[in-house]
Structures are given as C-alpha cells and as structure tokens.
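So the structure is just underneath, and the comments pick up after that.
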Amino acid sequence: MTNTERPARTRFAPSPTGYVHIGSMRTVIFEWLWARHTGGQFVLRIEDTDRNRYVEGAEDQLKESIRRMGLMWDEGPDVGGPFAPYKQSERLDLYHRHADELLAKGHLYKCWCTPERLKQVNEEKQARKEPPGYDRHCRNLSPEERAELEASGKQYVIRLAVPLEGETIVNDLIRGPITFQNALQNDMVMLKSDGFPTYHFAVVVDDHEMQITHAMRADEWIATSPLHVMLYQFFGWEQPVWVHLPNVLGADGKKLSKRHGDTAITDYLDKGYLPEALLNFLALIGWGYDETTEIMTRDELIERFTLDRISPSGGVLNLEKLNKFNGIYIRQLSTAELTERLLPYLADAGLVGAEPSAAERARIEELVPLIQERLVVLSEAPDLLRLVFTAPDSYDHALLIPKKLDASTTQQALHAATAALRELPSWEVAVIEARLRSLTEELGLKVGDLFMALRVAATGSKVSPPLFETMHALGREETLTRLERAIASLGAVGTAA
RNA sequence: GGCCCCAUCGUCUAGCGGCCUAGGACGACACCCUUUCAAGGUGUAGAUCGCGGGUUCGAAUCCCGCUGGGGUCACCA
C-alpha cells in the first residue's frame, strides 16, 4: 500500500440517467472522505456517453443531491478545473485520439458486425451451451475483406483485442490481487458506432488524463476491471489504485433497489434526515473506525477515514439505526438551527407562510423545544406541532375520562382546574405546575389522572409534549377555551345520560 | 451455467495468531427517571466466529475443500 497517504485524487463518475442512489452516495462519501483525508481533490465527472439513456435534468438533480449532502466537488461541472471539460460528451476528440493510437498498435480493431449478427452468434453459442460473447469475426478478417469493408463506408465499432492467452491481475486494495484468464475475456466495444466511447474506454482515458490516483467504485465493476487494466497496459500508463467498494444492500441481502423502499438519497433528505446524520450513518456501512466509536463529526470522519478499514463485504441498510442517528443529530442542533431547518416543512403543511415572518419564526422557535427530543425526522414536525395550532374539534370521552373516574367527577375536576388556572398570577411553566399539583391534593385525585384529563382536554390526545410546557405554549386564553370546551362536551354527556 | 467476489449476534461492525469464557452500536426485553410520549440511565437476552479438514504449543484470525449468498456476462453505466 505505497503512497496511499499522498494527496489523492478521487472522482465520482455517474451517468446522468436518474436520481442518485443511496449506495452511490455512500461511494461519493468514501471518495470525498479519502480526498479530504489526504488533502487531495475530489472530482465530479459526468459520464454521459450513452445518448439513448440520457435523461433531461438528471445532471442537475445529481449535482443537487451531492450539494445537499454537503459534499462539494473540487473539480467538475460548474466549478471547472485544470482538466476541463468534465463531461465526457465534450471530450470525444480525446477518446478518438487515444483510440487511434491503440488501433495503430493493433490493440484495438474495427468491427463491422451488425447487431443482428451479434445476436445470432450469441444464440448459436447458447444452443451449443457455450458462454456468450463476440466471436471475434472481424478481428480475423483477411486484409482484402478488411479493405473492402473499410471502403464500404459501413458503420463500425472499435473493439478491444484481448490477448488470447495469459492472465490479467487486478490489484484491488481491499481484496488483494484478483486473477482473470485472458482467454475468458470478451473483445468488448470501446468506441460505439455513433463515435461515443463506452464506459470501459472513457474511464480509463479520463482517469489517466485527470490524474486520478484512486479508482474507487462499486464492486459490480470487478468483473470488467481486467479490461481496464489491459487498457492501461496497452497505453503504457500507470494504473490507479483500484478500490472496489462493497455494496449497500436491502434487507434481503440483495442490491438495494426500488422494491426495498426508498433508494434515492433525495428521498431521505426530503423526509428530513439530516445530511450530517446521513453522512455519519452511511460512512459506517462498509467502514468502521474502532471498537466503540460511531457518532463522528464530519471533521472526525475526515481525520479517521482510511482505505484499509473498508470491509470487502456488502452491508444491509439498517433504517432503524439511521433513525436513531438522525434523532441524535437533531437533538444536537440549537433551537435556532432546528427552527431554521423545520420552517420549510411547516410551510409545506401550511402552519407558517412560505416566507415565514419574524413573528412566525419566533413563535416556532418557542415551540421547537417541545418537540426536539421527540423528532426522528424533520417531516414529522407538522404533525407534532399541529395540536398547538389547531384546537381539538371534538373530544373522545374514552380518552378524556380517566379509567376509574366518571364523567361528572372529571367534569368537576376540569372545572376546578380551569378556575385555578384563571386566577394564576402568571403563566409561567413552574407556576402552572405548582398550582395544578396542589390541586390534585385538594381534589383527592391521582396526579396521573388529573394531568391526563387536562392533557386530553388541552390537546385532544393522550400523547403530547409535557403538559405545562404545552399549556404555556398555548397561552392562557387558548388553554382555558379548550378546557371549557372539554367541560361542555362532558356536560352534554351528562344530560344525554 | 462460466467467471469473479464475499462469509463474526436479526442488522451495522470491532477483531488482522495468544489480551476473545468474541467488544461496541441499532433493534428486542427488563428496570430506573417520569404528568403521557419521547429523551436519558442501568441491565438482560442474542454469535458453538457458515461447515469440514489442515498449519501451529495455540486460529474468528493463516492454508485447502465444501456450502451458502452476492456480482457479472450489452454498441448501459
């Protein structure tokens, strides 16, 4: 593992075909962390070489996802860099120049086979129970045949002339050397008939051109990595350090996909998982620091992240643990900070305006402490806060009347409480609590019973933030109004019964 | 199916030949705190380290085989 601590250049090279998968984000995290840890650069490169799969807007969404995670790239689209452009569709000349070089050396060859013929060849191979793959027809053309096809002007692709014997070794940093028999490799297409390179050709050329030191990518690339190694050898270039990262799996141990639930990183961000919680949590899938440390700040992660601690086996996404992490990070936020992050969710729910006024902001900041330690995810805030904004529209007597009491006793108790609260000299939490506690004694009730009746009367629910804090947040007027409505609802029962 | 990778509590992981009668975290359960829910605290259960052979005085740790799981076999990345 030589020179792993020298400034590393890593890259994330997605194709703009859709959203950013949470597993891809984990890859971004490792790449970013390693670049930061070594004081190197993290580059973003757009691999838009498949015009058929191009998705409008995907590139923006992808950049936005990375930005929202707080993992800005040092070089790439929008920010530029010494190796611009960072979009492969704008680097076509480069691939052609390099292809010509290898073509001249005989490591690449033109292939005029039609998709139909390719399909037919594979079907025949299949019928003979042979492994699929190109039959190298065009590699073995006679000079005359080649000249004729060359002159025909027909469409062609450029393929890799894989050595027919020997073996290719991929030195994976976390797995050690992996040996592949050359005879088993296919003459994969390097340049498509539309003149665009395939991934195999473009990554190698660009990683070399952009001086990428560590080729970190998901481990599904292991199977084709010998092709990439061959290319480096044919070019006479020094290989990057290969680091194939373990996958993020679904609960069934298979690659995480739509049927496992949310897979886009934005799904999580939108629900209100904090970027810092996600970063910490995701960093722990496939990597671990020591025996006991799990909660780590971004800076601690940067300082502690090393490649040798990446494990080779895939890891299942444990949502419950993510929830726990998110709660921890939410509780670490200051009231002001949490308020700021909650506002968009409250605006969506219509609890505050789209452009919250200073008064609304102040009001929310007052309420935030009531829910901070109860929040798992930011998007739950509106529901937790709704009881403050909207009075219960009816009362369920089964909730309102304590187990061992009846309607009239409950009604009397609430009435006494209302009177007591009305006369309070101030509306401070401690004052409310002191008065209500003494009231339980005066009434000969159990603390739990009275408080629960009051809770239901004030909030309509048996579950709420602490009673006195809630009453305080509601304000005296609103609290009394609600209690009176609860009392009235019980009175109706009394007469009906 | 061929090739390749992987294999420690349900899950994420620590462990890189003796410190392991395997540590931490999430989850579960119990108790404490307590006006509910949370949060917090304490504790319990949970892994014969996939199986079988070796190597060694000694193996979760090294080697081989097996089994299981996964990945990959496109003019997609």
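Excluded from the calculations below are hydrogen atoms, water molecules and symmetry mates; all remaining heavy atoms, backbone and side chain alike, are included.
The partner of rA45(B) cannot be assigned: no Watson-Crick or G-U wobble pair with both contacts below 3.5 Å exists in any strand. Remark: rC51(B) base-pairs with rG65(B). Criterion, Watson-Crick or G-U wobble with two distances under 3.5 Å. When both distances must be under 3.5 Å, the Watson-Crick or G-U wobble mate of rC37(B) does not exist. Across the strands present, rG2(B) finds its partner in rU72(B); the criterion is a Watson-Crick or G-U wobble pair with both atom distances under 3.5 angstrom.
Glu220(A) comes within contact range of the sugar-phosphate backbone alone, with a heavy-atom separation under 4.0 Å but no base atom that close. Among the protein residues, Ser464(A) comes within range of the nucleic acid bases, having at least one heavy atom under 4.0 Å from a base atom. Contact annotation for Gly286(A): backbone-only contact, meaning every heavy-atom pair under 4.0 Å involves sugar-phosphate atoms and none involves a base. Residue contacts shown for Thr49(A) are limited to sugar-phosphate atoms, with no base heavy atom under 4.0 Å away. Base contact: Leu467(A) has a heavy atom under 4.0 Å from a base atom. When heavy atoms are screened at a 4.0 angstrom cut-off, Pro465(A) is found touching base atoms of the nucleic acid. Within 4.0 Å (heavy atoms only), Ser193(A) reaches at least one base atom of the nucleic acid. Counting non-hydrogen atoms under 4.0 angstrom, Pro246(A) reaches nothing in the nucleic acid. Here Val316(A) lies in heavy-atom contact (under 4.0 Å) with sugar-phosphate atoms only. Across all strands shown, Pro466(A) has heavy atoms under 4.0 Å from base atoms, whether or not it also approaches the sugar-phosphate. Nucleic acid contact class of Ser225(A) (heavy atoms, under 4.0 Å, all strands): none.
The OH atom of Tyr199(A) sits 14 Å away from the C1' atom of rU72(B) (whole-angstrom rounding). In this structure, Lys254(A) atom NZ and rC6(B) atom P are separated by 20 Å, rounded to whole Å. Note: CZ (Arg117(A)) to P (rA74(B)) measures 15 Å, nearest angstrom. Rounded to whole angstrom, the span from the NE2 atom of His244(A) across to the P atom of rC4(B) amounts to 15 Å.
In this structure, the nucleotide among rC37(B), rU13(B), rC75(B) sitting nearest to the side chain of Val463(A) is rC37(B). Checking rG27(B), rC5(B), rC3(B) against the side-chain heavy atoms of Glu320(A) singles out rG27(B) as nearest.
Taking every heavy atom of residues 321-332 of chain A and every atom of RNA chain B, pairs under 4.0 Å involve Lys321(A), Lys324(A), Arg331(A), by number. If you check residues 431-447 of chain A against RNA chain B, the residues with a heavy atom closer than 4.0 Å are Arg437(A), Val447(A), listed by number. Within residues 448-455 of chain A, the residues approaching RNA chain B are Phe451(A), Met452(A), Arg455(A), by heavy-atom distance under 4.0 Å. The stretch residues 50-60 of chain A touches RNA chain B through Asp50(A), Arg53(A), each having a heavy atom under 4.0 angstrom from the strand.
A perpendicular orientation is assigned to the rings of Phe201(A) and Tyr95(A), their planes being inclined by more than 60° (bins at 30° and 60°).
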* Asked: Yes or no on ring pair (Phe, Tyr, Trp, His ring centres under 6.0 Å) for Trp221(A) and His244(A), after CA distance, side-chain angles and deciding distance?
  -> CA-CA 7 Å; Trp221(A) 289 108; His244(A) 289 99; 8.8 Å; no

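With hydrogens and angles disregarded, a donor-acceptor distance shorter than 3.5 Å links the side chain of Ser438(A) to the backbone of Arg435(A). At distances below 3.5 Å, at least one donor-acceptor pair connects side-chain atoms of Arg476(A) with backbone N or O atoms of Leu421(A). Between the side chain of Trp287(A) and the main chain of Thr306(A), a donor-acceptor pair closer than 3.5 Å is present. In this structure a side-chain-to-backbone donor-acceptor pair under 3.5 Å is present from Tyr268(A) to Asp262(A).
Side-chain contact annotation: Gln120(A) with Glu124(A), donor-acceptor N/O pair under 3.5 Å present. Counted by atom type alone, His98(A) and Glu209(A) present one or more donor-acceptor pairs between their side chains at under 3.5 Å.
Using a 4.5 Å cut-off on side-chain heavy atoms (C-beta onward), Leu467(A) and Glu433(A) make no contact. The shortest side-chain heavy-atom distance between Arg51(A) and Phe196(A) falls under the 4.5 Å cut-off.
The side-chain hydrogen bond (donor to acceptor under 3.5 Å, both in side chains) search around Ser15(A) returns Thr17(A), not counting sequence neighbours.
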Could you tabulate the donor-acceptor pairs under 3.5 Å formed by side-chain atoms of residues 272-286 of chain A, not counting sequence neighbours?
| unit_1 | atom_1 | unit_2 | atom_2 | d |
| --- | --- | --- | --- | --- |
| Tyr273(A) | OH | Asn323(A) | OD1 | 2.6 |
| Glu276(A) | OE1 | Arg341(A) | NH1 | 3.2 |
| Glu276(A) | OE2 | Arg341(A) | NH1 | 3.3 |
| Glu276(A) | OE2 | Arg341(A) | NH2 | 2.7 |
| Asn280(A) | OD1 | Met296(A) | N | 2.8 |
| Asn280(A) | OD1 | Tyr329(A) | OH | 2.5 |
| Asn280(A) | ND2 | Glu294(A) | O | 2.8 |

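Nearest-nucleotide assignment on RNA chain B puts the 5′-proximal partner with Arg309(A), out of Arg309(A) and Leu118(A). Nearer the 5' end of RNA chain B, as judged by each residue's closest nucleotide, is the contact made by Ile174(A), out of Ile174(A) and Phe468(A).
Judged by distance alone with a 3.5 Å cut-off, a donor-acceptor contact links the side chain of Arg374(A) to the base of rC37(B).
In summary, the aromatic rings of Phe451(A) and Phe468(A) are positioned with their centroids under 6.0 Å apart.
Each of Lys125(A), Arg117(A), Arg159(A) was checked for a salt bridge (charged side-chain N to carboxylate O under 4.0 Å, His left out) with Asp135(A), and the lone residue meeting it is Arg117(A). Among the candidates Ile401(A), Leu400(A), Ile487(A), Leu405(A), the single residue satisfying the side-chain contact (heavy atoms from CB on, under 4.5 Å) test with Gln411(A) is Ile487(A).
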